[in-house]
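One structure below.
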Amino acid sequence: MSAAVQETPWAQRRVLITGGMGFIGSNLARRLVGLGARVTLVDSLIPEYGGNPRNIADIRDRVAVNLSDVRDGHGFRAIVRDQDVLFNLAGQTSHQDSMTDPFTDLDINCTAQLSILEACRMVNPGIRIVFASTRQIYGRPDYLPVDEKHLLRPTDVNGINKMAGEWYHILYNNVYGIRACALRLTNTYGPGMRIKDARQTFLGVWIRLALEGKPFAVWGGEQLRDFNHVEDVVDALLLAATDDRAIGETFNLGDSEVVTLRALAERLIEANGGGEYEVLAFPEERKRIDIGDYYADFSRFSGLGWSPRVSLSEGLRGTLAYYRRLFADYA
Ligand SMILES: NC(=O)c1ccc[n+]([C@@H]2O[C@H](COP(=O)([O-])OP(=O)(O)OC[C@H]3O[C@@H](n4cnc5c(N)ncnc54)[C@H](O)[C@@H]3O)[C@@H](O)[C@H]2O)c1
């Protein structure tokens, strides 16, 4: 191991990442391996979700992989026993799927979260946990930018279950002293995201269609959104796991660059050097769960020293370059 690796606070730390073969989990794993951590990934690789062996192909010999399902509470106890830090990222991410199959969303985003925390309480109460929550729990904003004091009023089943998952973490922190915090992520994009369909984010399928030279659909088009590049989210996760001021707290992530979806489409086409999109009316089933305009006030977390570094245009260019190279592994 190099001297540089030994100096990092992560050197030799035992880190468990649930959802570790997914988009954000794999980018986090790559960074942690570089920092000298001993990383174990838990993932079920359910085909409809974002887990993909390609995401960890470059670090496969430097991480331990446990192909298992976090709904198996007994199995999870054995895995979490010796870990120093848990990044709890496993989740069902599709809002639409949470409406057509609400019980699977409940099982993964709610019940399994409670059993993960129970496993920690039973066998490893000294662990430190960061939970990947979501801006979806706010629902349709009453005001912008949305800060952490905003009412939580989810518009879909996924938002309700993620909200419960988040609160279990804070509850176990407050009642049992298991040091946990939650980051409420906004739309995250970058290499490793799911582009097969819109299950993770509509931007994924836009990227695939743009690369295929096909038009992509923009529903509505005037909704405001903020986007974080995955490298900035990895910075945030690492900070949340190491700064004691984060313990027991929930924080928004976000970006100061706020764009309409139509502007995002233009930005993507510019970054791609070409492409087409069409603005369509919202399909009825989507409209009912849409949150309208959203962007975050992330000043609380900035107070701990985090700020996004990757601009949207730069991030989109890098993401497109990644998928141009590895399209067949993701499309
Ligand atoms: N990407 C975003 O824009 C975004 C926004 C808000 C919140 N989040 C949250 O961040 C976390 C990571 O999201 P992501 O974008 O990397 O999605 P992802 O789908 O790529 O990653 C989730 C991973 O969890 C795994 N998984 C799902 N159910 C599992 C189970 N029962 N057991 C074990 N593994 C399971 C999947 O296989 C996948 O690899 C999720 O909890 C998600 O809710 C993501």
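Atoms within a ligand are numbered from 1 in the order they appear, just like the ligands themselves.
The pair Arg300-Asp147 fails the salt-bridge criterion, with no side-chain N (NZ, NE, NH1 or NH2) lying under 4.0 Å from an Asp/Glu carboxylate O. A salt bridge is defined here as a Lys NZ or Arg NE, NH1 or NH2 lying under 4.0 Å from an Asp or Glu carboxylate O, and Asp297 with Lys149 fails to meet this definition. Between Glu257 and Arg267, at least one side-chain N (NZ, or NE/NH1/NH2) sits under 4.0 Å from a carboxylate O, which counts as a salt bridge.
Shown here are the side chain to side chain donor-acceptor pair (under 3.5 Å) partners of Arg324, two or more places apart in sequence or in another chain: Asn272.
Between Thr201 and Asn187, the side chains place no donor N or O within less than 3.5 Å of an acceptor N or O (distance only, hydrogens not considered). No side-chain donor from either of Thr104 and Asp107 sits under 3.5 Å from a side-chain acceptor of the other.
Protein residues with a heavy atom closer than 4.0 Å to ligand 1 are Gly19, Met21, Gly22, Phe23, Ile24, Asp43, Ser44, Leu45, Tyr49, Gly50, Gly51, Ser68, Asp69, Val70, Arg71, Leu89, Ala90, Gly91, Thr93, Ile108, Ala132, Ser133, Thr134, Lys162, Leu185, Thr186, Asn187, Thr188, Gln200, listed by chain and number.
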